[in-house]
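Here is the structure we will look at.
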Amino acid sequence: MVDRGASALSLPDDWPAHPDPILALNRMGSFDWDLDSGLFHMDAQAHEVFDLRPDEYDDNPVSLAVRVPTAEAHRLDALVAQAIKDGSENYGTYFRLRCRDGSLRWTHTQGYIRRDETGRPRRIIGIVRDATQEMGELEARREQAAQDEARRRQTNVVQLTTAALAHARTVQDVIDVLKDTHGLTHLGATSLVMGLVEAGRIRLIAEGPAGSFVPGTDITRIDEPYPMSEAVRTLTPRFIESPEEFAERYPVLWPHITGLNITSAAYLPLIAEARPIGAMGLLYSDRYGFTPEDRNVLIALGSSIAQSLQRAMLYEQEKDLATGLQQAMLPRTIPSVPGSDVAVRYRAATGEGSLGRDIGGDWYDLIPLPGGRVGAVIGDVQGHDTHAAAVMGQLRIVLRAYAAEGHTPATVMARASVFLHELDTDRFATCLYAEADLATGVVQVVRAGHIDPLVRQAEGSCRRVTVDGGLPLGLSAEFGQLDYPVGTVELDPGDTLLLCTDGLVEQPGADLDDGMQTLTTVVAAGPADVWELADRLIEVAEERGGDDDVALLLLRRRGLDAPQTGGRLQQHVAPGDPEALTQARHMIRAAVGAWGARERSDEIELVADELITNALMHTEGSAIVTLRVLTGSGRRMRVEVEDSSSALPRRREAGESGVSGRGLLLVDLLSDVWGVEARGGGKCVWCEFAVPERS
């Protein structure tokens, strides 16, 4: 208290002030502090508050030092001095005093500062009272508020962790959420351990921090004496509240973790659909014991983690299934086609729109065709699910079959549309089929609702090839519009044909034409090598992300080692037209001589005549005779006779006097190689003769 000492000035006439009886009734003591004389008078009730007998106090504030601790006295003096300096009329505060038995008691004081006409402070009249109960209630409220705040923080951590877990798709995503510094560490956990139940064992999938792994615990049996095993075995959490308890209950594990300074731990079973899928342990180094609220929060957290883990495990199982199905539906290998470089790529959708299923209806295919031709297919079945993939697989197979039968590109597309329409599905598909003659570089393109192809020239420029198209597969059959226009593209040696699905082009909020222009720019700036260019385009798709699959096929015409047509002639021979047959024979003899193969002229003419005659005798339609020179791996003369019958030629044994049955035997003996190919509604019988290179 402020000690001003005794003053020679006379005390006021009304000093000391007489307390109101009501104060005493409310157990409040009063004081009158004369600032001039320094005397500090207290009434009897104030003596009781300060736990002083009347003979122990002489109105000198210094005498109160026995009851008011030094730190509290300095604080009170500073408070009073500041109030006087500020011109305040009153002040009030809580302080502690030490009772006769040495205990501390909370006390409250309030004073009224009286000043004279000049504003000089002359007296302070106030009260003191026992505030033990009041401060006890205040402390209780503060403690309750602190508990509420701690509970709120824990609840927030659970809510934030649960919200973060909602976005976890894989088991590793769940682990990353739990080990994040904004995750469970807010609950004060020093270390985390987690394991999954697999075949009656627990496999450790996460532990932290680094260096806390216990050797021999990466795979443990459920019946082993470990807390995580016990939590899984009993389906109940295990709370360990002290190091002594840990050492006593789990003596096998405790020696290995003493370096982590663990003071308590909580091991939670991770239960989903009433069965344990794993367990999680939280280890603490700065807490002892768990309140009921702590236990409830951790149990709730364990339940949320278990649900997220189960969802992640199911997602990974479905992903593995989808990936396997996708790989089974797409071509396992791409055949090598002489005269071309081919690169294919597939990227599954990864955005939210893919619904967690990395599978779709996008596909590509490459179909080797007779005569140095090749069919390239790109398509997209509506939807992103296993049904779309199944439809895609069936559609890919029938489209390949139609192309291999020798149908024209327009017929291939029309028949595929009819097949999809008759299939038990409500899905439609877009598709683009390109049939390329690598010898001439001519590409016939048919488009069914699909995006246009691109062509990158050998010098690096790239352009979009606009192709008239028909309705998507399935829809064109439903609406009876099966006519598909055929566009023609020419590939020079070194040119690359690019076919892709719209996942590589479309961007949210962007126009399709803008997307095609962007893709054209990327292709033009990309590497010349088709495999490197394919990788670059997939990188672009990965960077952009998206909710759609991407299928990509690049076909580059090499030209240098592709079969080259040194000449090509064709003749139509109608049945019952001997003049046409004679002209075909003359055409063959003249062409063989002109193309420098005169030494095999008789053989070629004889075999061709046999094939033409056989076609006219055993079919009802006409025959088309094609003669061409192939170069590349040796110079060859190729004869093709095409008719409208699907019946294959058969060798027959001719009798001694028979005049028929020797045709195929003759073909086999005279030609170097021969065979039969399906061609749409008919067939083509062909044979080849090796001829010398022209000088």
Side-chain angles (χ1 to χ4, degrees), residues 1-6 11 14-86 88-114 121-150 288-289 291:
M1 295 293 182
V2 176
D3 181 12
R4 298 181 177 272
L11 295 171
D14 59 347
W15 190 91
H18 298 287
D20 191 320
I22 296 178
L23 295 179
L25 291 175
N26 287 282
R27 303 181 65 82
M28 295 183 183
S30 66
F31 65 85
D32 191 342
W33 187 4
D34 182 72
L35 300 179
D36 293 325
S37 65
L39 296 178
F40 190 90
H41 175 75
M42 297 191 302
D43 64 4
Q45 187 62 44
H47 284 105
E48 289 188 16
V49 171
F50 277 91
D51 198 12
L52 290 171
R53 292 190 296 270
D55 59 346
E56 292 177 330
Y57 183 65
D58 57 0
D59 290 343
N60 188 343
V62 176
S63 303
L64 297 177
V66 69
R67 291 288 178 263
V68 182
T70 303
E72 294 286 69
H74 290 329
R75 186 170 64 83
L76 288 171
D77 284 345
L79 176 69
V80 173
Q82 188 64 40
I84 292 175
K85 179 180 179 181
D86 293 344
S88 302
E89 292 186 354
N90 51 63
Y91 64 86
T93 187
Y94 290 91
F95 66 96
R96 288 173 299 178
L97 59 81
R98 190 173 301 280
C99 298
R100 190 181 303 277
D101 59 6
S103 62
L104 291 175
R105 173 193 297 170
W106 277 106
T107 309
H108 180 259
T109 182
Q110 189 171 347
Y112 174 70
I113 303 174
R114 290 186 175 182
R122 306 300 296 273
R123 297 169 64 182
I124 299 178
I125 300 175
I127 61 168
V128 291
R129 60 184 178 84
D130 186 347
T132 301
Q133 181 177 355
E134 179 181 338
M135 290 303 294
E137 294 174 353
L138 179 61
E139 286 294 329
R141 287 196 297 271
R142 287 177 178 173
E143 182 177 352
Q144 184 62 44
Q147 293 176 355
D148 293 343
E149 176 64 19
Y288 289 83
T291 65

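Here the structure is a predicted model, which means the values were calculated and not measured. Along the sequence shown, residues carry numbers from 1.
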Quick one: pull up NE2 in His47 and CE in Met42 and give me the separation to the nearest 0.5 Å.
-> 4.5 Å
Is there a donor-acceptor pair closer than 3.5 Å between any side-chain N or O of Arg100 and the backbone N or O of Asp51?
-> yes
Got a second to check how far Gln45's CD is from Glu48's CD, nearest 0.5 Å?
-> 4.5 Å
Would you say the side-chain atoms of Arg129 pair up with the backbone N or O of Gln110, donor to acceptor, closer than 3.5 Å?
-> no
Applying side-chain contact (heavy atoms from CB on, under 4.5 Å), name anything that partners Arg142, two or more places apart in sequence or on another chain.
-> Leu138, Glu139
Can a donor-acceptor pair be found between the side chains of Asp86 and Ser88 at a distance below 3.5 Å?
-> no
Quick one: list whatever passes ring-ring contact (aromatic ring centres under 6.0 Å, His included) with Tyr91, sequence neighbours left out.
-> none
CG of Asp34 to CZ of Phe40: how many Å apart, nearest 0.5 Å?
-> 12.0 Å
Closest heavy-atom contact between Gly29 and Val49?
-> N-CG2, 4.5 Å
With sequence neighbours excluded, tell me which residues meet side-chain contact (heavy atoms from CB on, under 4.5 Å) with Arg96.
-> Glu72, Leu104, Trp106
Passes side-chain contact (heavy atoms from CB on, under 4.5 Å), Phe95 versus Leu79? Steps please.
-> CA-CA 11 Å; Phe95 66 96; Leu79 176 69; over 6 Å; no
Roughly how far apart are Arg141 CZ and Met135 CE, rounded to 0.5 Å?
-> 9.5 Å
Supply the atom-to-atom distance Thr107 OG1 to Leu97 CG, rounded to the nearest 0.5 angstrom.
-> 3.5 Å
Starting at CG of Asn90, measure out to CD1 of Ile125 and round the result to the nearest 0.5 Å.
-> 12.5 Å
Heavy atoms, side chains only, cut-off 4.5 Å: are Phe31 and Thr109 in contact?
-> yes
With a 4.5 Å heavy-atom cut-off, do His41 and Asp59 have their side chains touching?
-> yes
Correct closest heavy-atom pair for Gly38 and Pro61 would be O-CD, 3.4 Å
Do Leu52 and Val66 have side-chain heavy atoms sitting under 4.5 Å apart?
-> yes
